[in-house]
Amino acid sequence: MDLNGKVALVTGSAQGLGRAFVEILLKNGAKVSLLDVNVPKGEELKAVFDQTYGPEQTIFIPCDVTSEVQLKDAFHKTKEKFGKLDIVCNNAGIANEQDWEKTITVNLNGVIRGTYLAMEIMKQQKEGGVIVNTASVAGLEPLTLMPVYTATKHGIIGFTRAMATASTICKSGVRLNALCPAFVQTNLLDSVIDDDQLAGVVKTMTIDIMKRIGPLNVSEVAEAFLQLVTDESKNGAIMKIEKQGGANYVQFQFNTELKTAPK
Ligand SMILES: NC(=O)C1=CN([C@@H]2O[C@H](COP(=O)(O)OP(=O)(O)OC[C@H]3O[C@@H](n4cnc5c(N)ncnc54)[C@H](O)[C@@H]3O)[C@@H](O)[C@H]2O)C=CC1
Ligand SMILES: CC/C=C\C[C@H](O)C(=O)/C=C/C=C/C=C\C=C\[C@@H](O)C/C=C\CCC(=O)O
């Protein structure tokens, strides 16, 4: 898929991975709608991108993904501004085990609602579209330190795979994938390391593992994201990216697409 002239929407795009995903899309000629709950950071970033790519290439929309009204409105504003919607990355996420209900609402409800909104618009387009949901290696292997975060990321992978199969069966023209990075050097990672309420042996063990594996930088993950967006042959695939092993597709014991898709 050639990204030149394509229209993308990225949630949680004011910093970290979301910011890196926006930048790689812009570099490849796409127009991007930036959504984030952090308004000063989002506006600041839009101004930075305006300098390099021009003001017409991006729009910043203040949006809390936990708000049905705000998210719906942001999708519709994007379509209105750019005329179509080809790529959606449901990326906004938090790691707060104390406020675990909020973690579920942001990480899982936000991704599910963003996927449904994207499907609704994309299935009406001749060219369809692609949805990439940001999960984590914590969606494949549990992080003992963060059980609720782990649950949300397992949920994203299951949801994305089920939707991808349904999309094939219904011939909607929409591809769905999930991206599973290991530790990435961002504010989210720092917030967990600095969280005094998460103390003890499990935290020490997790940090030791993280130091041994070495955190990824956001640009390495952005390259993997680009691969998922552009490769039109991988509907339903789940990509894992680690510092040492690089980016690889996850092999599941049961491939629902092969079992259920009509021949
Ligand atoms: N940093 C890491 O080690 C890893 C992160 N991830 C996932 O990557 C995604 C991005 O995380 P990072 O860039 O690391 O975090 P980050 O904290 O640097 O950036 C997250 C962005 O999401 C925004 N956000 C938070 N709640 C929001 C809401 N309710 N509505 C809209 N925007 C909201 C924040 O304002 C921020 O701009 C998350 O889903 C996270 O779980 C996955 C694997 C590893
Ligand atoms: C300190 C974690 C901070 C934030 C979470 C981050 O956003 C994230 O999603 C990171 C995921 C990284 C996973 C990387 C490797 C996982 C390896 C697993 O096999 C086990 C890791 C730890 C084992 C200890 C345990 O939790 O039981």
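As a basis for the values below, the full set of heavy atoms in this structure was taken, side chains included, without hydrogen atoms, waters or symmetry mates. Each ligand, and each atom within it, is numbered from 1 in the order the structure gives.
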Any atoms of ligand 2 less than 4.0 Å from a non-hydrogen atom of [X]? List them with their elements.
X      : value
Ser136 : 8 (C), 9 (O), 10 (C), 11 (C)
Met205 : 24 (C), 25 (C), 27 (O)
Thr144 : 25 (C), 26 (O), 27 (O)

Margin query: Students often mix this up, so state it plainly: with edges at 30° and 60°, are the rings of Phe159 and Tyr116 parallel, tilted or perpendicular?
Written below: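 If you compare the ring of Phe159 with that of Tyr116, the planes turn out perpendicular.
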Note to self: Any atom of ligand 2 sitting under 4.0 Å from a heavy atom of Lys153?
What the structure shows: no
Notebook entry, point to check: Quick one: does Met210 get a heavy atom under 4.0 Å from ligand 2?
Noted result: no
Note to self: What verdict does the side-chain hydrogen bond (donor to acceptor under 3.5 Å, both in side chains) test give for Asn235 and Thr168, after you've listed the backbone C-alpha separation in whole Å, the side-chain angles of each residue and the deciding distance to 0.1 Å?
What the structure shows: CA-CA 8 Å; Asn235 181 40; Thr168 301; 2.8 Å; yes
For ligand 1, which part of [X] has a heavy atom less than 4.0 Å away: the side chain, the backbone, both, or neither?
X      : value
Ala138 : neither
Ala135 : backbone
Lys153 : side chain

What residue and atom, counting heavy atoms only, is the protein's closest point to [atom], and at what distance?
atom                    : result
atom 21 (C) of ligand 2 : Leu143 CD2, 3.9 Å
atom 39 (O) of ligand 1 : Asn91 O, 2.8 Å
atom 41 (O) of ligand 1 : Tyr149 OH, 2.7 Å
atom 3 (C) of ligand 2  : Leu189 CD1, 3.5 Å
atom 16 (C) of ligand 2 : Val137 CG1, 3.7 Å
atom 20 (C) of ligand 2 : Pro142 O, 4.1 Å
atom 31 (C) of ligand 1 : Cys63 O, 3.2 Å

Notebook entry, point to check: Purely on distance, is any nitrogen or oxygen of Asp36 under 3.5 Å from one on ligand 1?
Noted result: yes
Margin query: Using a 3.5 Å cut-off on N or O atoms only, is Leu17 in polar contact with ligand 1?
Written below: yes
Next item on the list: For the residue pair Met146 and Lys203, establish whether any side-chain heavy-atom pair is separated by less than 4.5 Å.
Entry: no
Notebook entry, point to check: Among Leu189, Leu188, Val184, whose heavy atom sits nearest atom 3 (O) of ligand 1?
Noted result: Val184
Next item on the list: Using heavy-atom distances, let me know which of Gly12, Pro181, Ala14 sits nearest atom 21 (C) of ligand 1.
Entry: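 That would be Gly12.
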